[in-house]
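Report on the structure given below.
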Number of protein chains: 2
Amino acid sequence: MQTKEQLLESKDIRVTAMRLLIYKFLAQKQVAVTLSDIENAFEKADRTTLYRTVKTFEEKAIVHQIDDGTGITKYALCEKGCNCEIETDLHLHFHCNNCNETVCLTEHKIPQIKVPNGFISEDINLVVKGICDKCSGQ
Amino acid sequence: MQTKEQLLESKDIRVTAMRLLIYKFLAQKQVAVTLSDIENAFEKADRTTLYRTVKTFEEKAIVHQIDDGTGITKYALCEKGCNCEIETDLHLHFHCNNCNETVCLTEHKIPQIKVPNGFISEDINLVVKGICDKCSGQ
DNA sequence: CAATAAATGCACTTCCATTGCACCTATTTT
DNA sequence: AAAATAGGTGCAATGGAAGTGCATTTATTG
Ligand SMILES: [Mn+2]
Ligand SMILES: [Mn+2]
Ligand SMILES: [Zn+2]
Ligand SMILES: [Zn+2]
């Protein structure tokens, strides 16, 4: 088992106090977060630093971006061994219309989607909107 | 066969010169358009008018909004008899990474998507990204 | 024709994303 | 260890898209 520091280093990300904090924040979250969420959690830090940290995480593929249709970009840590880039490894996202939270359904891979002749599929974004398990009370 | 004027009236949309022009513009387009696209097509008209016209069209369900992940909202006319609101009638959208255009694949309905217990699906957005038929040269 | 309602235009605002540049901090080189 | 370099952080400013309040114009109704 590697420490969080080791994980960052293994991904070629220099470890700084800030980065470690942000990483831990993301790791502890069960839902996708916006930049504002991170801002609120780290009021002492500058917006830009948070922005660029998440960008770096994204480039180094330890975080993936989520467009859930709210117009605000959200982020979530990749699962270990996740291959976000590979089309066959894409999971779907669920956005709750009630609590407004978005979660990764990493167990739910996106099914094979047929496209018409001549079209070449490279990437798929599938977002289901509705009521989440916490809000449905079931 | 009804005229475009009659179609608008049947949907409870007052016919104005501007609305008719915008409707015709959308009808003639084979791809989803942004507000900027409409702006460029009607430079004499005010942005707000175009914005509110499209909003009206959307409310009256002759246009549907498309979030293709580019961060810019796009719009396209609904097919006749289309029921965008009904989950079973949702079609998928294709965004070309090459020409940057987005098209409705109205023939390609979104398949049934399983969500975990407790989650209730109300709406689905499915966008496939890749190379379109025009760009793939096939 | 007067009264009313709806559509349009202008100006302004908000919100998120992004960048340039200066400064600080860590790492590497001499 | 000191100097040089690269990378990280903070501040300020920008840009784009979306949305709103209000005045004016245009259409509808009685
Ligand atoms: Mn995810
Ligand atoms: Mn469509
Ligand atoms: Zn919820
Ligand atoms: Zn194309």
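Excluded from the calculations below are hydrogen atoms, water molecules and symmetry mates; all remaining heavy atoms, backbone and side chain alike, are included. First the proteins, then the strands, lettered A, B, ... as listed; each starts at 1. No experiment lies behind these values; they were computed from the predicted model shown.
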Practice item. Check whether the ring centres of Tyr75(B) and Phe57(B) lie less than 6.0 Å apart, and answer yes or no. Key: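 No, too far apart.
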Nearest to side-chain heavy atoms of [X], which nucleotide of [options]:
| X | options | value |
| --- | --- | --- |
| Arg19(A) | dA18(D), dT9(D), dA17(C) | dT9(D) |
| Arg14(A) | dT9(D), dA6(C), dG7(D) | dG7(D) |
| Thr48(B) | dG19(D), dC16(C), dA11(C) | dA11(C) |

Practice item. Going by the salt bridge (Lys or Arg N to Asp or Glu O under 4.0 Å) test, name the single residue among Lys134(B), Lys74(B), Lys129(B), Lys29(B) that passes it with Glu101(B). Key: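 Output: one option passes, namely Lys134(B).
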Gap between atoms [atom1] and [atom2], on [X] and [N] respectively (whole Å):
| X | N | atom1 | atom2 | value |
| --- | --- | --- | --- | --- |
| Asp46(B) | dA17(D) | CG | P | 16 Å |
| Asp37(B) | dA17(D) | CG | P | 10 Å |
| Ile38(A) | dA17(C) | CD1 | P | 11 Å |
| Phe42(A) | dG10(D) | CZ | C1' | 17 Å |
| Ile72(A) | dT14(C) | CD1 | P | 16 Å |
| Glu39(B) | dG16(D) | CD | C1' | 11 Å |
| Leu20(B) | dT26(D) | CG | P | 18 Å |
| Leu50(B) | dA7(C) | CG | P | 15 Å |

Review point. Is the shortest heavy-atom distance from the side chain of Thr53(B) to the side chain of Phe42(B) under 4.5 Å?
Key: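 Side-chain contact under 4.5 Å: no.
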Measuring to OP1 and OP2 of [N], would you say a side-chain N or O of [X] lies under 4.0 angstrom away?
| X | N | result |
| --- | --- | --- |
| Lys55(B) | dG19(D) | yes |
| Thr73(A) | dA17(C) | yes |
| Tyr51(A) | dT18(C) | yes |

Check your understanding: What are the two closest non-hydrogen atoms of Glu79(A) and Thr106(A), and how far apart are they?
Key ->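 Distance-wise, the nearest heavy atoms are CG-CG2, 3.6 Å.
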Exercise for review: Classify the nucleic acid contact of Arg52(B) as base, sugar-phosphate or nothing, counting any heavy atom under 4.0 Å across all strands shown.
Suggested key: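 Base contact.
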Check your understanding: Reckon Lys44(B) touches a base, only the sugar-phosphate, or nothing at all at heavy-atom distances under 4.0 Å?
Key ->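 No contact at all - Lys44(B) keeps every heavy atom at 4.0 Å or more from the nucleic acid.
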Check your understanding: Regarding Asp133(A) and Ser136(A), is there a side-chain donor-to-acceptor distance under 3.5 Å anywhere?
Key ->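 On atom types as modelled, these side chains do not qualify, holding no pair under 3.5 Å.
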Review point. Which sits closer to the 5' end of DNA chain D, Arg47(B) or Thr16(B), going by the nucleotide each is nearest to?
Key: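 That would be Arg47(B).
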